[in-house]
Asks: 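My questions all concern the structure below.
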Number of protein chains: 2
Amino acid sequence: MIVSKKHISRLSKYRKALFRFSELGFVKVFSDTLGEAVGVTASQVRKDFSLFGIHGHKRGGYQIDTLIDKLQNILGKDFEQKVIIVGIGNIGNALIKYKAFENEGIKIVAGFDIDPAKVNRKGTVPIFPLKEIHDYVKKHNITIGIIAVPDIVAQEVFDVMLSAGIKGILNFAPIRYKGAENVFINNVNFQVELENVIYFVNMFKHEKD
Amino acid sequence: MIVSKKHISRLSKYRKALFRFSELGFVKVFSDTLGEAVGVTASQVRKDFSLFGIHGHKRGGYQIDTLIDKLQNILGKDFEQKVIIVGIGNIGNALIKYKAFENEGIKIVAGFDIDPAKVNRKGTVPIFPLKEIHDYVKKHNITIGIIAVPDIVAQEVFDVMLSAGIKGILNFAPIRYKGAENVFINNVNFQVELENVIYFVNMFKHEKD
DNA sequence: TAGATTGTTAATCGATTAACAATC
DNA sequence: TAGATTGTTAATCGATTAACAATC
């Protein structure tokens with residue numbers, strides 16, 4: 001079987017729950033306890049671990065610290081993951097300041113924007129002109145980027161990022177990219193997510209009639 | 001069959017593509033054209049429409065404007081959807097300023113925060129103290145809210161929102177809420193989304209060895 | 001009419017859950 | 001040993017795709 005986004009999303013949640021358990025002083029955990037903490041079945045937990053070659057002890061459950069180690073490794077927490085971001089607008093800025101990344105081995109090392117007014121080479125996270133992205137990415141061996149630019153320029157920015165060597169993108173522009181064969185794209189679309197809430201709330205409303 | 005998040009997300013994308021087609025002067029569309037534009041199969045398109053009672057013409061495809069009308073109705077675009085947001089930090093602010101909502105029948109009508117320094121009753125989007133949320137939501141009959149507060153206060157904020165009458169939440173706090181039986185929650189988790197990109201890029205890297 | 005496209009049913013694929021033998 | 005839990009296989013569930021009769 002092949003690993004899917006759902007698998008990684010669950011591993012991420014297991015990891016988080018395990019840190020909580022560990023802080024509470026627990027040393028081992030059972031699949032049903034962990035499943036309950038994360039909101040999945042015990043079967044799901046064991047199946048997921050099995051897929052990634054993670055083994056527990058019959059009757060003894062899983063050792064929390066070794067489990068965390070394995071998940072750290074799978075999720076790329078052994079090294080700091082360097083990420084760049086293009087588009088220093090509202091969302092770009094929010095992500096740069098997003099605290100959760102810092103403690104999670106994810107570091108936004110630089111931002112890029114076409115607007116010269118946004119450039120700031122001396123900030124905690126330096127912001128460079130977009131045209132410098134190629135050299136920066138090559139020089140620092142960056143493979144992951146975030147797109148947070150307006151729709152109209154998204155394809156153009158995407159092309160530049162790919163040619164610079166970016167292999168994976170977290171994309172906030174509601175766009176289907178052309179030439180996306182050799183790059184992993186993960187889309188986040190606020191409008192779609194909100195429209196889901198709107199639909200299901202309205203459904204519930206009408207159900208009651 | 002029951003309607004899922006995936007259905008609504010696809011309808012949202014069909015809708016967007018249809019507006020593009022319409023602007024280009026097209027009046028009808030076939031399931032395979034629309035599918036290609038959105039990145040799904042023609043079967044999927046027809047199945048989706050069928051589920052929502054949307055009918056085309058054998059041999060004649062679907063009339064774009066009536067199709068748009070139906071989707072507008074399903075996705076709640078007949079009326080302006082009023083939304084409140086709690087937590088006026090980086091993400092909260094970014095969402096308030098997010099342009100895409102404005103043209104899409106979604107309006108963030110008010111923000112709430114515990115920090116008195118954030119309060120601003122006269123802004124384009126007024127910001128009120130959190131304690132006023134109950135009265136506001138009741139008075140304006142709001143059912144949808146966004147949570148963009150730090151993890152530690154998220155459950156508390158959630159409880160207040162529910163007691164005020166909120167029925168659907170777009171949630172940015174990486175938290176599983178207690179007492180979430182009668183409310184629709186849609187979670188957005190930047191860390192998990194980025195960890196997915198990291199995992200699949202690293203996989204690709206190691207595959208090449 | 002011949003050809004093309006819908007709408008729906010059947011087949012396939014994938015993901016989750018249940019069951020249970022292995023075993024600590 | 002008896003009881004509990006893993007790890008894996010089988011069963012179920014759900015979502016997507018294929019196929020094709022209906023028909024414009």
Side-chain angles (χ1 to χ4, degrees), chain A residues 1-14 17-18 21 26-71 74 176 192 196 199-200 203, chain B residues 1-14 17-18 21 26-71 74 176 192 196 199-200 203:
Chain A
M1 207 223 284
I2 214 140
V3 177
S4 72
K5 272 186 60 178
K6 289 192 169 183
H7 285 119
I8 301 304
S9 299
R10 283 197 300 267
L11 291 198
S12 180
K13 286 167 190 163
Y14 297 149
L18 287 166
F21 284 137
F26 292 101
V27 294
K28 65 180 187 177
V29 70
F30 303 121
S31 57
D32 68 335
T33 322
L34 184 54
E36 201 182 5
V38 167
V40 304
T41 63
S43 280
Q44 183 77 272
V45 173
R46 298 201 296 276
K47 201 87 195 276
D48 286 340
F49 287 172
S50 167
L51 176 65
F52 288 93
I54 296 173
H55 294 277
H57 306 278
K58 306 234 167 182
R59 183 125 173 60
Y62 300 84
Q63 191 80 11
I64 290 179
D65 51 5
T66 61
L67 198 44
I68 288 179
D69 281 354
K70 296 257 194 183
L71 292 175
I74 294 165
R176 285 225 309 149
V192 170
N196 265 286
Y199 175 82
F200 287 104
M203 268 309 90
Chain B
M1 206 223 282
I2 214 139
V3 176
S4 72
K5 271 186 59 177
K6 289 192 168 182
H7 286 119
I8 300 304
S9 299
R10 281 196 302 266
L11 292 198
S12 179
K13 286 166 190 163
Y14 298 148
L18 287 166
F21 285 136
F26 293 101
V27 293
K28 64 179 188 179
V29 69
F30 302 121
S31 57
D32 67 334
T33 322
L34 184 54
E36 201 183 5
V38 167
V40 304
T41 62
S43 281
Q44 184 77 272
V45 173
R46 297 200 297 275
K47 201 84 195 277
D48 286 341
F49 287 173
S50 167
L51 176 64
F52 289 93
I54 295 173
H55 294 277
H57 306 280
K58 306 232 169 181
R59 182 120 174 61
Y62 300 84
Q63 190 82 8
I64 290 179
D65 53 4
T66 62
L67 198 43
I68 287 179
D69 281 353
K70 296 258 193 183
L71 292 175
I74 294 164
R176 285 226 307 149
V192 169
N196 265 286
Y199 174 83
F200 287 103
M203 267 309 91

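FYI, side chains are in, hydrogens and waters are out, and symmetry mates aren't considered; it's all heavy atoms of this structure. Letters A, B, ... are given to chains in the order of the sequence lines, protein chains preceding strands, and every chain is numbered from 1. All values derive from a computational prediction rather than experimental measurement.
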Asks: What does the list of N/O pairs under 3.5 Å between the protein and nucleotides 22-24 of chain C look like, with a distance for each?
Replies:
none

Asks: Give me the atom names and distance for the closest heavy-atom approach of V192(A) to S9(B).
Replies: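 That would be CG1-OG, 3.4 Å.
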Asks: Write out all pairs satisfying side chain to side chain donor-acceptor pair (under 3.5 Å) with one or both partners inside residues 26-43 of chain B, taking only residues at least two apart or from two chains.
Replies: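 Applying side chain to side chain donor-acceptor pair (under 3.5 Å) to every pair that reaches into residues 26-43 of chain B, excluding sequence neighbours, yields S31(B)-R46(B).
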Asks: Provide, to the nearest angstrom, the distance between the CD atom belonging to Q44(B) and the C1' atom belonging to dA18(D).
Replies: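 The distance from CD of Q44(B) to C1' of dA18(D) comes to 13 Å, rounded to the nearest Å.
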Asks: Going through the checks in order, is the side-chain contact (heavy atoms from CB on, under 4.5 Å) test met by F200(B) and V3(A)?
Replies: CA-CA 9 Å; F200(B) 287 103; V3(A) 177; 4.3 Å; yes
Asks: Tell me the stems DNA chain D sits in, counting at least three consecutive Watson-Crick or G-U wobble pairs, each under 3.5 Å on both distances.
Replies: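 Expected stems, ordered by start: C:3-24 with D:3-24.
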Asks: Considering all heavy atoms of both residues, which atom of A17(A) and which atom of L34(A) are nearest to each other, and what is their separation?
Replies: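 Answer, listing the atom of A17(A) first, then L34(A): CB-CD1, 4.0 Å.
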Asks: Can you sort out which residues in residues 29-40 of chain B have a heavy atom within less than 4.0 Å of DNA chain D? Ascending by number, please.
Replies: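 Of all residues in residues 29-40 of chain B, none places a heavy atom under 4.0 Å from DNA chain D.
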Asks: In chain order, what residues pass the side chain to side chain donor-acceptor pair (under 3.5 Å) check against T66(A), with sequence neighbours excluded?
Replies: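 Checked T66(A) against side chain to side chain donor-acceptor pair (under 3.5 Å); zero matches.
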Asks: If you look at every heavy atom in L18(A) and I64(A), which pair is closest and at what distance?
Replies: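 Residues L18(A) and I64(A), closest heavy atoms: O-CG2, 3.9 Å.
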Asks: Which atom names give the shortest non-hydrogen contact between R176(B) and V38(A), and what distance separates them?
Replies: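 Here R176(B) and V38(A) meet closest at CD-O, 3.6 Å.
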Asks: For the CD atom of Q44(B) and the CZ atom of F49(B), what is their distance to the nearest 0.5 Å?
Replies: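 Q44(B) CD to F49(B) CZ: 10.5 Å, rounded to 0.5 Å.
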Asks: Roughly how far apart are I54(A) CD1 and Q63(A) CD, rounded to 0.5 Å?
Replies: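 Rounded to the nearest 0.5 Å, the CD1-CD separation comes out at 13.5 Å.
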Asks: Rounded to whole Å, please give me the gap between CZ in R10(B) and C1' in dT16(D).
Replies: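 About 8 Å, once rounded to whole Å.
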Asks: So if I define the base as every atom that isn't primed, P, OP1 or OP2, how would nucleotides 8-13 of chain C read as a B/S/- string at a heavy-atom cutoff under 4.0 Å?
Replies: SBB---
Asks: Separation of K5(A) atom NZ from dA15(C) atom C1', in whole Å?
Replies: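 Value for this atom pair: 16 Å.
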Asks: Quick check: closest heavy atoms across F21(A) and A37(A), and the distance to 0.1 Å?
Replies: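 Heavy-atom minimum between the residues: CZ-CB, 3.8 Å.
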Asks: Tell me, yes or no, whether the heavy-atom count around F52(B) atom CZ, taken from other residues, nucleotides or ligands under 6.0 Å, exceeds 12.
Replies: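 Yes, CZ of F52(B) has more than 12 neighbouring heavy atoms, counting only those of other groups under 6.0 Å.
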Asks: Take N196(A) and Y199(A) through the side-chain contact (heavy atoms from CB on, under 4.5 Å) test and state the conclusion after the steps.
Replies: CA-CA 5 Å; N196(A) 265 286; Y199(A) 175 82; 5.8 Å; no
Asks: Under 4.0 Å between any heavy atoms, over every strand shown, what does F49(A) touch: base, sugar-phosphate, or nothing? Just pick one.
Replies: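 Counting heavy atoms under 4.0 Å across all strands, no contact is made by F49(A).
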